[in-house]
Structures are given as C-alpha cells and as structure tokens.
Asker: 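I have a structure here, written as structure tokens, and I will follow up with some questions on it.
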Amino acid sequence: MAHDAIRLDGKIAIITGGAGGIGAATAQLMTLRGAKVAIADIDMPRAQAVATGIPDALALHLDLEDEASIEAMVAQTVAHFGRLDILHNNAALLGPDIAQQDGNIEHMATALWDRTYRVNVRGTMIACRAALPHLRETKGNIVNTVSSLALQGHMIQAAYSSSKAAIIQMTRAIAASHGRMGVRCNAVAPGMTMTPALKEAFPPALRQVVEDETLRDQLGDPQDIAEAVAFLASDGARNITGHTVECDGGGTSHVPGLGGFRAFFEGHTS
Ligand SMILES: NC(=O)c1ccc[n+]([C@@H]2O[C@H](COP(=O)([O-])OP(=O)(O)OC[C@H]3O[C@@H](n4cnc5c(N)ncnc54)[C@H](O)[C@@H]3O)[C@@H](O)[C@H]2O)c1
C-alpha cells in the first residue's frame with residue numbers, strides 16, 4: 001500500500017453534525033488530507049462558522065428528523081461538488097437535557113425513545129439510502145459514528161446506547177449488501193471524547209471514573225476520532241468493511257474494574 005493511501009485527494013465528503021466537536025475536527029482533517037467537505041448540521045450558524053475556516057467547504061442545513069432535509073443534503077452536495085465519495089454519519093441527538101431524560105428502560109418516556117431513534121437510527125438510514133446510489137458510482141464509503149456505550153451495558157442512556165447498537169448492525173448490513181458494488185461501510189466507536197460541549201457539561205467526578213478505566217493516560221479528543229474516521233474513509237482501509245473500530249484509549253478492551261485493580265496492585269508495589 002502506497003504511503004499516500006490515507007490521503008483523500010479529490011474526494012467529496014458529507015459530515016453530518018459537522019458543526020459539533022468530532023464532526024468539525026473530522027471536516028478539518030479530511031480537508032487537510034485533500035478532500036472537499038459538506039458540513040451538514042441543524043445548527044446552521046455554527047455549521048457556517050466551521051465552514052468559514054475550511055477552504056471550499058459547503059455548509060448545509062440538516063434536520064435528521066426530516067426526511068426531505070436529509071435527501072436535500074445529499075442532492076445539494078452532489079449538485080455543488082459533482083460527486084459524493086464519503087458519507088460520515090456523525091450527528092446524534094445529544095445534550096445535557098436529553099441525557100438527563102435518557103435513563104433506564106423502567107423510566108423511559110416513549111417520546112424520548114422515539115425521538116432518539118428518529119434522529120439516530122431513522123436519520124442515519126435515510127442518509128445512507130440517499131447516498132448509496134452516488135457511492136456506488138464513485139466506489140465510495142460510509143463511516144458511522146457510534147459509541148462505546150453501544151458495546152457495553154450501562155445503567156443510563158438506554159435509548160442512546162441501543163440506537164447506536166442499531167447503527168452498528170446497519171453498518172454490517174450495508175457492508176454486506178454493497179460490498180460487491182465497491183462500497184464499504186464501517187463505524188467508529190468513540191469512548192468519552194473531550195469535545196468543547198462535554199468539557200462544559202460533564203461532571204468532573206464521573207470524568208474521573210472514566211479516566212480510571214482508560215488505558216491511555218488521558219481521554220481522547222475530537223482529533224483522535226477524526227484520525228480514525230479519515231483512515232476508514234481512505235483507500236488505505238480498502239480491506240476493512242462492516243467493522244466497528246473502537247477508538248477509546250482502550251476503555252472497552254480490558255477486564256471490568258481495572259481502575260480498582262490498578263489501585264490495588266500499584267498500592268502494593270509502590
Ligand atoms: N464526545 C463523546 O464523548 C462521544 C462519545 C461517543 C460517541 N460520540 C458520538 O460522536 C458524535 C459527535 O458527537 P460530539 O461529541 O461531537 O457532539 P456535539 O454535540 O459536539 O456534535 C453533535 C452535532 O450534531 C448536531 N445535531 C444534533 N441533532 C441533529 C439533527 N436532528 N440534525 C442534524 N444535526 C444534528 C448538533 O447540532 C451538533 O453539532 C455523535 O454521534 C455522538 O453520539 C461522542
């Protein structure tokens with residue numbers, strides 16, 4: 001594989017949630033690697049602010065709850081750039097107010113469950129459906145942002161985590177149905193990633209719990225996730241499809257309670 005296989009020269013990418021922490025970092029990195037990007041987000045002023053700092057970037061309004069808006073995002077990108085090579089489904093229903101409502105199943109409000117699935121699962125499906133005819137033409141690919149919470153049980157965020165698990169299965173389904181058409185589909189599962197939004201909202205005591213379970217000596221930042229996404233989107237990843245790459249500092253790779261083990265053994269050896 002040539003050294004420049006991870007470059008994205010001449011590729012056109014859509015990044016949903018491109019106004020947010022991970023999406024903006026991915027838009028910037030893909031551009032550095034040679035792509036041109038459409039930044040699609042429900043927050044148009046922030047999408048425009050991100051696009052302003054990126055050469056040739058296109059800001060698009062997207063509401064993942066609105067089928068027509070998703071289809072327009074793909075159509076406008078192809079009309080503007082002439083092709084589509086990469087769809088990065090990265091937007092999700094997030095925020096402190098949503099997280100507060102998203103607890104365990106016994107206390108789950110049906111409306112919150114439905115909205116989570118409408119944005120995260122239905123929205124992602126419609127985006128993939130609209131993009132696939134174009135990706136077949138370019139032998140392009142899809143990278144979905146899921147979450148390490150989709151791979152483990154937790155006492156909170158039952159709607160969010162199970163919606164992300166549904167996207168993992170959608171990733172496999174698309175990889176299987178479209179692999180022989182030259183289209184790949186993968187997912188990246190970030191662990192806790194220190195975006196500006198999370199830095200502001202996440203309680204320090206809980207952050208410490210996550211840090212204790214992380215093998216790296218710090219939590220990931222949006223650039224770490226962008227690197228994984230850009231690699232999966234590149235020709236360097238041509239032999240990877242249908243998979244979920246865990247980009248979490250090793251947080252999901254070890255025995256449960258490693259933080260406690262570390263305290264016990266390091267306590268004995270120090
Ligand atoms: N930050 C983390 O710790 C972390 C961990 C695991 C997974 N993730 C995933 O990474 C992705 C990016 O999250 P982030 O941390 O950068 O958050 P973020 O809040 O900074 O970005 C999310 C973006 O999605 C947009 N969005 C929300 N609803 C939308 C809708 N209906 N239509 C269009 N856009 C919409 C928001 O406006 C925002 O810009 C999400 O899929 C999230 O689930 C993040």
Asker: Between CD1 of Ile39 and CE of Met30, what distance do you get to the nearest 0.5 Å?
Answerer: 11.0 Å
Asker: Would Asn144 and Thr171 count as having a side-chain donor-acceptor pair, cut-off 3.5 Å?
Answerer: yes
Asker: Without swapping roles, check the side chain of Thr214 against the backbone of Leu219 for a donor-acceptor pair under 3.5 Å.
Answerer: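 Looks like no, no N/O pair under 3.5 Å.
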Asker: Taking all heavy atoms of Thr116 and all of Ser163, pick out the closest pair and write down the distance.
Answerer: CG2-OG, 3.8 Å
Asker: Tell me whether Gln101 contacts the main-chain N or O of Asp97 through its side chain, where contact means a donor paired with an acceptor under 3.5 Å.
Answerer: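 Side chain of Gln101 to backbone of Asp97, a donor-acceptor pair under 3.5 Å: yes, one is there.
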Asker: Do the non-hydrogen side-chain atoms of Leu62 and Asp41 ever get within less than 4.5 Å of each other?
Answerer: no
Asker: Please give me the minimum heavy-atom distance between Ala59 and Met44, naming the atom from each residue.
Answerer: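 So the two residues come closest at O-CE, 3.5 Å.
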Asker: Please report the closest heavy-atom contact between Lys164 and Ala92, naming both atoms and the distance.
Answerer: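 Heavy-atom minimum between the residues: NZ-CB, 3.7 Å.
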Asker: Contact between Asp102 and Met108 at the side-chain level, heavy atoms closer than 4.5 Å - yes or no?
Answerer: yes
Asker: Would you list the pairs meeting salt bridge (Lys or Arg N to Asp or Glu O under 4.0 Å) in which at least one residue belongs to residues 104-124, sequence neighbours left out?
Answerer: Glu65-Arg115, Glu65-Arg118, Glu67-Arg122
Asker: Check the pair Met155, Asn104 against side-chain contact (heavy atoms from CB on, under 4.5 Å), reporting the backbone distance first and the verdict last.
Answerer: CA-CA 6 Å; Met155 60 194 293; Asn104 70 47; 6.0 Å; no
Asker: Check step by step if side-chain contact (heavy atoms from CB on, under 4.5 Å) holds for Leu64 and Leu93.
Answerer: CA-CA 9 Å; Leu64 279 171; Leu93 187 66; over 6 Å; no
Asker: Roughly how far, to the nearest 0.5 Å, is the CD atom of Glu227 from the CG atom of Leu232?
Answerer: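 The CD atom of Glu227 is 11.5 Å from CG of Leu232, to the nearest 0.5 Å.
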Asker: Of all heavy-atom pairs between Ser147 and Tyr160, which one has the smallest distance, and what is that distance?
Answerer: CB-OH, 3.6 Å
Asker: Can you tell me if Asp43 uses its side chain to pair, donor with acceptor, with the backbone of Arg46 under 3.5 Å?
Answerer: yes
Asker: Could you tell me which residues satisfy salt bridge (charged side-chain N to carboxylate O under 4.0 Å, His left out) with Glu246, sequence neighbours excluded, listed by chain and number?
Answerer: none
Asker: Check the hydrophobic clustering (I, L, V, M, F, W, Y; side-chain heavy atoms under 4.5 Å; chains of links allowed) and say if Leu60 and Leu84 are grouped together.
Answerer: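 In one cluster: yes.
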Asker: For a salt bridge (charged side-chain N to carboxylate O under 4.0 Å, His left out) with Asp235, tell me which candidate from Arg7, Arg33, Lys11 qualifies.
Answerer: Lys11
Asker: Set out, in order, the CA-CA distance, both residues' side-chain angles and the distance that settles side-chain contact (heavy atoms from CB on, under 4.5 Å) for Val183 and Leu132, then state yes or no.
Answerer: CA-CA 8 Å; Val183 176; Leu132 278 167; 3.9 Å; yes
Asker: Which atom pair, heavy atoms only, marks the closest approach of Leu87 to Asn89?
Answerer: CD2-ND2, 3.4 Å
Asker: Which residues satisfy the side chain to side chain donor-acceptor pair (under 3.5 Å) test with Asp224, sequence neighbours excluded?
Answerer: Arg216
Asker: Ignoring hydrogens, what is the shortest heavy-atom contact between Gly23 and Ile15? Give both atom names and the distance.
Answerer: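 Scanning both residues, the minimum pair turns out to be O-CG2, 3.6 Å.
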Asker: Would you check, one step at a time, whether the test side-chain contact (heavy atoms from CB on, under 4.5 Å) holds for Leu151 with Ile168?
Answerer: CA-CA 9 Å; Leu151 306 165; Ile168 291 177; 3.7 Å; yes
